[in-house]
Number of protein chains: 2
Amino acid sequence: MKHKSIITADDHPLLLKGLNDFLIEKGYNIVGCGANGREAYNLITKLKPDIAILDIQMPFMSGLEIAKKCKTNGISTKIVLITIHKEKELYNKAQELNIFGYILKEFAIEEIENCITTVSEGQPYFSQKIKDMLNTNSADDEALNVLTPSEKKILKLIARDKTNKEIASLLFISYRTVEKHRSNIINKLKLEPKTNSLLSWAKEHHDKLQ
Amino acid sequence: MKHKSIITADDHPLLLKGLNDFLIEKGYNIVGCGANGREAYNLITKLKPDIAILDIQMPFMSGLEIAKKCKTNGISTKIVLITIHKEKELYNKAQELNIFGYILKEFAIEEIENCITTVSEGQPYFSQKIKDMLNTNSADDEALNVLTPSEKKILKLIARDKTNKEIASLLFISYRTVEKHRSNIINKLKLEPKTNSLLSWAKEHHDKLQ
DNA sequence: GGTGAAATACGTGTTAACACGTAATTAGCT
DNA sequence: AGCTAATTACGTGTTAACACGTATTTCACC
């Protein structure tokens, strides 16, 4: 298992060093490492490693973009993302691309060996800790699924500080329709009956609105 | 210089490993390291190191809290904070406490040796990169300084979804006064003349409101 | 080809958040 | 003691964001 070739990449030099040192001490076969997304992608195309352990957030190219390009270019390197992001959105996106692993940096040391082992065998590995977190924190996410497509579209515009009339213009509908949607959204989300509870909610959850 | 005793602490195991490995390779005298704020503080009180390199965001006790306790307890350990936070607020707080250094994790490897050298000589070291960033990114921060204490207090409550009447009750003043403050804040911040521009602004900048 | 959900829209009314002007009181500073 | 900024407060008016009910059209789906 430890003969599998691995490359690593993170724009965080200290973290990259920590990761490399750890894996080398454990006897893994690190064949390269990059300081940003572009370097990482170049390494992958050149070395065609078995596994690439990548940060999501990197300059020039994100871990997700790298995964996408690998998929379209038919590179069989198995991508493992290692990140601080706990957002469900990213987690879902990761599962859609051919990503084999997703680890949180907080628990990297405990989980990374398990992850590499599992991924080496061709099985995906998604941190249990992430699953736990997403489950405990998904009340609002579920609420979002109650909304219809139009309602979601309007919510996004509300989060961008658009007034009802502006939204109406943008969507070529009456501002009264927007008002009605707004009212319906408040009902569905069961927001407290305050004047600006909807704007407030939209602002607080704007990261989940796309 | 390299004989100075140093302890490190970060709740991020990989990063902590990267930091320790790096410093040890460079020949520094690492006498201990902690995985969270409490461990870090215990190490400091026990070992009284010359320098403590701490993350800001840690469980149980933040780097800032540790600095504060060291100050009140008369411990002369020089605190260096190493963080991903680019917020001016934290930077300012750091300068108020007896903190000797402030480094961004992104540039840690380039700057940490300089920092340790400078701090060892009893001089404070604050990353030039932070200063650059704060200057380019401080339009809103400066705007905040235009506000009076009462106005800031009200802004915080607005960001917490309080209505004018609720704020009035909380502060034992008339809701008309709150309205006036609100109007004045909008003028000072030069917000666009929209109905909820203030709530919107407060929500977007609530992290800078304390 | 009917049925239900979604999208569209209006009538009517209430309220919170503003604008703009004015003004009294308080607090800090010299 | 005197000056300035801050805080407090009201009058008056406008508008955006709601609530609640109702009604038509569109569309997917069986």
Side-chain angles (χ1 to χ4, degrees), chain A residues 140-206 208-210, chain B residues 140-206 208-210:
Chain A
D140 289 328
D141 295 323
E142 281 171 27
L144 262 182
N145 295 333
V146 181
L147 302 181
T148 66
S150 298
E151 287 165 348
K152 285 181 189 171
K153 199 180 299 176
I154 287 174
L155 244 187
K156 287 175 197 169
L157 292 171
I158 291 172
R160 287 184 212 159
D161 301 331
K162 305 298 181 192
T163 65
N164 283 347
K165 288 181 182 173
E166 287 171 338
I167 295 172
S169 296
L170 288 169
L171 303 183
F172 304 105
I173 56 180
S174 163
Y175 85 96
R176 297 305 311 278
T177 306
V178 182
E179 277 191 335
K180 187 59 178 168
H181 278 307
R182 216 163 164 144
S183 187
N184 290 338
I185 295 171
I186 291 173
N187 275 327
K188 286 188 178 178
L189 297 182
K190 290 163 192 161
L191 302 185
E192 46 178 347
K194 257 184 181 179
T195 307
N196 285 313
S197 53
L198 184 55
L199 172 60
S200 200
W201 194 94
K203 282 283 176 186
E204 282 172 12
H205 298 86
H206 92 285
K208 291 171 189 165
L209 295 175
Q210 200 218 12
Chain B
D140 287 329
D141 295 323
E142 280 170 28
L144 262 182
N145 294 333
V146 180
L147 302 180
T148 65
S150 298
E151 287 165 349
K152 286 181 190 171
K153 199 180 299 175
I154 287 174
L155 245 186
K156 287 176 199 170
L157 292 171
I158 291 172
R160 287 183 211 160
D161 301 330
K162 304 297 181 193
T163 66
N164 283 347
K165 288 181 181 172
E166 287 171 338
I167 295 172
S169 296
L170 288 169
L171 303 182
F172 305 104
I173 55 180
S174 163
Y175 85 96
R176 297 304 313 278
T177 306
V178 182
E179 278 191 334
K180 186 60 178 169
H181 278 305
R182 218 164 163 145
S183 186
N184 290 338
I185 295 171
I186 292 172
N187 274 328
K188 286 188 179 179
L189 297 182
K190 290 165 193 160
L191 302 186
E192 46 178 348
K194 258 185 180 179
T195 307
N196 285 312
S197 52
L198 184 55
L199 173 60
S200 200
W201 193 94
K203 282 284 178 184
E204 283 172 12
H205 298 85
H206 91 285
K208 292 171 187 163
L209 296 175
Q210 201 216 9

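FYI, side chains are in, hydrogens and waters are out, and symmetry mates aren't considered; it's all heavy atoms of this structure.
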Would you indicate what A/I186 reaches in the nucleic acid, counting non-hydrogen atoms under 4.0 angstrom: base, sugar-phosphate, or nothing?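 Contact class for A/I186: sugar-phosphate only.
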Which part of the nucleic acid, if any, lies within reach of B/P149 when heavy atoms closer than 4.0 Å are counted: base, sugar-phosphate only, or nothing?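 It contacts sugar-phosphate atoms only.
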Nearest 0.5 Å please: distance from the OG atom of A/S150 over to the CG atom of A/N184.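 Going from OG on A/S150 over to CG on A/N184, the span is 11.0 Å.
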Between A/K203 and A/D161, does the side-chain contact (heavy atoms from CB on, under 4.5 Å) criterion hold? Intermediate values first, please. CA-CA 9 Å; A/K203 282 283 176 186; A/D161 301 331; 2.9 Å; yes
Closest approach of [X] to [Y] (non-hydrogen atoms, all atoms of both residues):
{"X": "B/Y175", "Y": "B/N164", "value": "CB-O, 4.2 Å"}
{"X": "B/L147", "Y": "B/K152", "value": "O-CE, 3.6 Å"}
{"X": "A/S174", "Y": "A/A168", "value": "C-CB, 3.8 Å"}
{"X": "B/A202", "Y": "B/I158", "value": "CB-CG2, 4.0 Å"}

For each nucleotide in nucleotides 25-30 of chain D, reading 5' to 3', give B when a protein heavy atom comes within less than 4.0 Å of its base, S when such contact involves only the sugar-phosphate, and - otherwise. ------
Quick check: do [X] and [Y] have side-chain heavy atoms less than 4.5 Å from each other?
{"X": "B/T148", "Y": "B/K188", "value": "yes"}
{"X": "A/H181", "Y": "A/L171", "value": "no"}
{"X": "B/W201", "Y": "B/L155", "value": "yes"}

Apply the test side-chain contact (heavy atoms from CB on, under 4.5 Å) to residues B/H205 and B/L189: give CA-CA distance (whole Å), side-chain angles for both, the deciding distance (0.1 Å), then the verdict. CA-CA 12 Å; B/H205 298 85; B/L189 297 182; over 6 Å; no
Pick the nucleotide of DNA chain D nearest each of B/N196 and B/E151; which residue has the one closer to the 5' end?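 Nearer the 5' end of the strand: B/E151.
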D/dA6 C1' sits how many Å from B/I154 CD1, rounded?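 That distance rounds to 12 Å.
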Could you give the NE2-to-P distance, from B/H181 to D/dA9, as a whole number of Å?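 Checked: the NE2 to P distance equals 9 Å.
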Reading DNA chain C in the 5' to 3' direction, which nucleotide is the first one with an atom under 4.0 Å from a heavy atom of chain A, and which is the last?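 It runs C/dA6 to C/dA17.
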Mind grabbing the angle between the end helix axes of the helix from C/dG1-D/dC30 to C/dT30-D/dA1? Five pairs an end, 10° rounding.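 Terminal axis comparison yields 50°.
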Keeping to residues at least two apart or across chains, list the salt bridge (charged side-chain N to carboxylate O under 4.0 Å, His left out) pairs with something in residues 189-201 of chain B.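 Checked against salt bridge (charged side-chain N to carboxylate O under 4.0 Å, His left out) - neighbours excluded - the pairs reaching residues 189-201 of chain B are A/E166-B/K194.
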With a 4.0 Å cut-off on N to O distance, would you call B/E179 and B/R176 a salt bridge?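 Yes.
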What parts of residues 173-180 of chain A reach DNA chain C, counting only heavy atoms under 4.0 Å away?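 Those residues are A/I173, A/S174, A/R176, A/T177, A/K180.
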Which residues share a side chain to side chain contact (heavy atoms under 4.5 Å, CB included) with A/T195, sequence neighbours left out: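 Counting only residues at least two positions away or on another chain, A/T195 forms no side chain to side chain contact (heavy atoms under 4.5 Å, CB included).
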